[in-house]
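One structure is given below, encoded as structure tokens.
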Amino acid sequence: MYFCTLEIIYIRYIMSLLDLSEQEILRRESLKELRAMGIEPYPAAEYVVTGYSTDLKNNFKDDAPQQEVSIAGRLMTRRVMGKASFAEIQDSKGRIQVYISRDDLCPGENKDMYNTVFKRLLDIGDFIGVKGYVFRTQMGEISVHVSELTVLSKSLKPLPIVKYKDGVAYDKFDDPELRYRQRYVDLVVNDGIKSTFEKRATIIRTLRNTLDEAGYTEVETPTLQSIAGGASARPFITHFNALDQDMYMRIATELYLKRLIVGGFEGVYEIGKNFRNEGMDRTHNPEFTCMELYVQYKDYNWMMSFTEKLLEKICIAVNGCAESKMGDNVISFKAPFRRLPILEAIKEKTGYDLDGKSEEEIREVCKALKMEIDDTMGKGKLIDEIFGEFCEGTFIQPTFITDYPVEMSPLTKMHRSKPGLTERFELMVNGKELANAYSELNDPIDQEERFKEQMRLADKGDDEAMIIDQDFLRALQYGMPPTSGIGIGIDRLVMLMTGQTTIQEVLLFPQMKPEKKTPKDADAKFLALGIPADWIPLVQKAGYNLVADMKEVKPQKFHQDICGVNKKYKVGLENPSVDQVTEWLGKIE
RNA sequence: GACUCAGUAGCUCAGCUGGUAGAGCAACAGACUCUUAAUCUGUGGGUCCAGGGUUCGAUCCCCUGCUGGGUCACCA
């Protein structure tokens, strides 16, 4: 069964109308009307702008000679008062009011541009360009007096209307679900969203500039890996057809960057995405941005002072000072930061001194602290749990927590003087880990042993233990200079620098569950029952998206439902008889 | 995964022991040449998330499910 093109076009036309809201249909009609008037709603030509909203407002001087300008943007509000109107145009920098008087826009006899185009066919959300001069209204608002208006792009879907008065937002568009899914709308209608992402760009630019000036090389390493190493996390698995083998999305850049230090770079860094197949919440997104840096001949002490200077510089670049507000907390990134060994931190917060204690003794401490633990946890994991439970959240001001136990640091060099501990620090800010760094382990034999220990943990049931990377070991065997490395979570850094409390606010497109689409049976299934093609969209509009949905319904009710749609949406089809409908429904198996 | 709250017009939200729905904005028609959440008059617009149950009658009560928010757990 097939139909001619015209029928298909007609069905699509009905379907499109049935799926649209009244306002969307009206906007489409306005679009047609514009074309009928000879106005192209989506013109191809460049529209030359000579200024931007906020610049015009900031640079305006009442006593300066009149300034002709040309600006473009989205029409965001409209206040029509008969023969004169005010509107606000939103461009990339902000908003400015424009004043349109009928007789200035249309000096001749034909007033269509004002009466028809501006007042009736344009809608909020449309892009327009205007030419005119800048002036100050009686109410004191700097505005553009419009002499020429160009339609640049018609908007077919109505934007949520958010209005502001005295800093209070009315009818706010603040449902997180909608804001993240339709970030483009969020950026258009909500104040301050764009600036968060501009700050994010500033942070990354400052970071990159600082590392470049220090003489380090920006590199890119594989995202698709056959062994996902360098961190403890579950990876995403994907499939490479050409080799018919599974691959992993990287969970860290560490092992590749260290190979490059073996290869002779002074310093290498990468700013890129890592992927971890774990939960999603206000501080975790499955893909997130990390910066990792490795510098030869350095140690973790050097890295601490490098890091605090780096962060202070970034904070000043973003906020103009070395402080950032997080809710009620003011965080100072003024270097230097406090340094505190992890066992001292635990002693400080819990009163238990774990120095020199065995795994069994620590297990007892955990029980005394009423913690939930299990047998798969080794000594390192236990200490980590105690720290996470009682200490981590308490470090609001930037604090370097140093000298972690070897069990939880398989890629870290042993401490130069403290047995059982490693030369590692984590930087805690606002109660969360922001960075993780070490004096890198460069003893290939020790490294192999550490990997084997990880394998034993994996055998015990730790599904995050690291997998042994033979090629990385081979690289180390050629010799790696003493090296210090660090990883900084960029998303969390942006949160701290911009005062945001959820990671979704600093990611343009945070991971969301896929949008659910109502399943619909193919047209052929409806045609098979004898339902005419024209009627299929109406049947589906009435709520019968699947043939199975019609199975139980009484013919009378079904008849009423579909004829109701026909009438309500003025589709204009001839209604079937109840007998015909009964016949269709009778064919359902 | 647990708990909890929510789902009503294009948007933000009301809706009383249970009697099939309202406001503001947006839209449409009209008035208005310096307004600014413009104002004034009028109009249209709803699968009250879905499916069961109780009831003469359910947006409301009960059950189940779906979707989402929040909190917690998991997750360096």
Side-chain angles (χ1 to χ4, degrees), chain A residues 20-27 29-30 76-88 95-105 114 119-120 123-125 135-143 145 156-181 185 189 231-234 251-252 276-286 288 372 380-381 383-385 387-388 392 401 404 408-409 424 426 428 432-436 463-464 487 489 492 502 504 512-516 518 541-544 549 552 561 564-565 568:
Chain A
L20 294 174
S21 69
E22 186 192 11
Q23 290 187 40
E24 287 173 294
I25 293 166
L26 281 164
R27 285 183 179 216
E29 279 166 7
S30 298
M76 293 305 283
T77 74
R78 208 166 27 161
R79 298 182 283 275
V80 179
M81 286 154 299
K83 298 181 189 67
S85 299
F86 289 93
E88 276 170 38
R95 286 191 188 187
I96 189 166
Q97 176 172 273
V98 298
Y99 175 75
I100 304 177
S101 87
R102 186 192 68 182
D103 297 331
D104 290 331
L105 182 64
Y114 182 78
K119 278 172 64 177
R120 195 158 60 80
D123 292 291
I124 288 172
F135 74 113
R136 188 189 289 277
T137 66
Q138 286 172 13
M139 300 301 288
E141 178 96 10
I142 296 160
S143 310
H145 189 119
L156 295 182
K157 282 182 94 66
L159 288 167
I161 310 287
V162 181
K163 294 193 175 182
Y164 294 91
K165 177 169 182 158
D166 304 329
V168 183
Y170 295 83
D171 298 332
K172 246 173 124 171
F173 178 66
D174 60 1
D175 179 352
E177 154 92 3
L178 289 171
R179 286 184 47 228
Y180 303 150
R181 263 193 218 291
V185 174
V189 304
S232 308
R234 273 181 303 225
I251 56 174
R276 296 189 184 176
N277 207 340
E278 291 164 354
M280 262 194 297
D281 60 33
R282 54 170 47 220
T283 52
H284 295 85
N285 195 64
F288 60 99
E372 286 180 28
K381 186 88 176 168
I383 291 172
D384 192 32
E385 291 289 320
F387 181 78
E392 184 168 341
I401 302 296
Y404 283 65
M408 52 203 281
S409 311
R424 172 181 180 182
E426 286 193 359
M428 314 301 302
K432 281 267 170 357
E433 175 195 344
L434 173 64
N436 182 16
D463 57 3
E464 291 181 349
R492 288 187 184 173
T502 72
Q504 284 79 18
M512 306 285 284
K513 280 198 206 170
E515 257 181 289
K516 188 190 70 160
T518 24
K541 180 68 183 178
Y544 305 95
D549 295 336
E552 304 289 329
D561 285 348
V565 171
K568 182 175 168 187

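Just so you know, these numbers come straight off a predicted model, no measurement behind them. Quick note on labels: first sequence line is chain A, next is B, and so on, each numbered from 1.
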Q) Looking at the side chain of A/Asp175, which of B/rU36, B/rA37, B/rG68 is the nearest nucleotide? A) B/rG68

**Q.** Nucleotide nearest A/Ala84 when distance is taken to its side chain, options B/rA26, B/rU33, B/rG68
**A.** B/rU33

Q: Kindly confirm or rule out a cation-pi arrangement of A/Arg102 over A/Tyr114, judged by NZ or CZ under 6.0 Å from the six-membered ring centre and within 45° of its axis?
A: no

Q: Could you check how far CE of A/Met81 sits from P of B/rU33, rounded to whole Å?
A: 9 Å

Q) A/Ile124 side chain: which of B/rC13, B/rA26, B/rG10 is closest? A) B/rA26

(Q) Using OP1 and OP2 only, check whether a side-chain N or O of A/Lys163 sits under 4.0 Å from B/rG24. (A) no

Q: For A/Glu22 and B/rA26, give me the distance from atom CD to atom P, rounded to whole Å.
A: 15 Å

Q: Starting at atom CZ of A/Arg95, determine the distance to atom P of B/rA37, rounded to an integer number of angstrom.
A: 12 Å

Q.
Need one value for A/Phe135: base, sugar-phosphate or nothing, where a base atom within 4.0 Å counts as base even if backbone is also close, heavy atoms only.
A. base

Q: Using modelled atom types only, decide if a donor and an acceptor are shared between the side chain of A/Arg276 and the backbone of A/Phe288 within a distance under 3.5 Å.
A: no

Q: Send over the distance from A/Leu178 CG to B/rG7 P, rounded to a whole Å.
A: 15 Å

Q: Determine whether any donor atom in the side chain of A/Tyr99 lies under 3.5 Å from an acceptor atom in the base of B/rU33, or the reverse, and answer yes or no.
A: yes

Q: Answer yes or no: does a side-chain N or O of A/Lys83 lie under 4.0 Å from OP1 or OP2 of B/rU33?
A: yes

**Q.** Selected nucleotide, minimal atom distance to A/Arg282 side chain, candidates B/rA26, B/rG44, B/rU71
**A.** B/rU71

Q) Can you tell me how far P in B/rC16 sits from the matching atom in B/rC62, rounded to whole Å? A) 14 Å

**Q.** Nearest-Å distance for atom pair CZ/P, residues A/Arg27 and B/rC28
**A.** 9 Å

Q) Expressed in whole Å, how much space separates the P atoms belonging to B/rC63 and B/rC74? A) 30 Å

Q. What integer number of Å spans the C1' atoms of B/rC49 and B/rU55?
A. 23 Å

Q. Nearest of B/rG24, B/rG68, B/rG44 to any side-chain atom of A/Asp171?
A. B/rG24

Q | A/Glu141 side-chain proximity, nearest of B/rU33, B/rU36, B/rC13 | A | B/rU36

Q | Minimum-distance nucleotide (side-chain atoms of A/Arg181 versus B/rU35, B/rA27, B/rG68) | A | B/rG68

Q. How many Å lie between CG on A/Leu26 and C1' on B/rG10, as a whole number?
A. 11 Å

Q | Protein-nucleotide distance (A/Gln97, atom CD; B/rU35, atom P), rounded to Å | A | 10 Å

Q | Rounded distance (Å) that lies between atom C1' of B/rC32 and atom CZ of A/Phe86 | A | 13 Å

Q | Selected nucleotide, minimal atom distance to A/Met139 side chain, candidates B/rU35, B/rA26, B/rA29 | A | B/rU35

Q) Using a cut-off of less than 4.0 Å, is there contact between a side-chain N or O of A/Lys165 and OP1 or OP2 of B/rA38? A) no

Q.
Looking at A/Gln23 and A/Leu156, would you say the former's side chain and the latter's main chain have a donor-acceptor pair under 3.5 Å?
A. no

**Q.** Gap between atom NE2 of A/His284 and atom CD of A/Glu278 - 0.5 Å precision
**A.** 7.0 Å

Q.
Is the phosphate of B/rA38 approached by A/Arg79 (side-chain N or O, under 4.0 Å from OP1 or OP2)?
A. yes

Q) Heavy atoms under 4.0 Å, any strand shown: does A/Arg120 hit a base, just sugar-phosphate, or nothing? A) sugar-phosphate

Q) Counting side-chain heavy atoms from C-beta on, which of B/rC11, B/rC28, B/rC74 comes nearest to A/Pro160? A) B/rC11

(Q) Are there over 12 heavy-atom neighbours, none belonging to A/Lys119, within less than 6.0 Å of that residue's NZ? (A) yes

Q: Taking only the side-chain nitrogens and oxygens of A/Arg179, find out if one of them lies under 4.0 Å from OP1 or OP2 of B/rG69.
A: no

Q: Counting Watson-Crick and G-U wobble pairs only, both distances under 3.5 Å, name the nucleotide matched with B/rC25, or none.
A: B/rG10

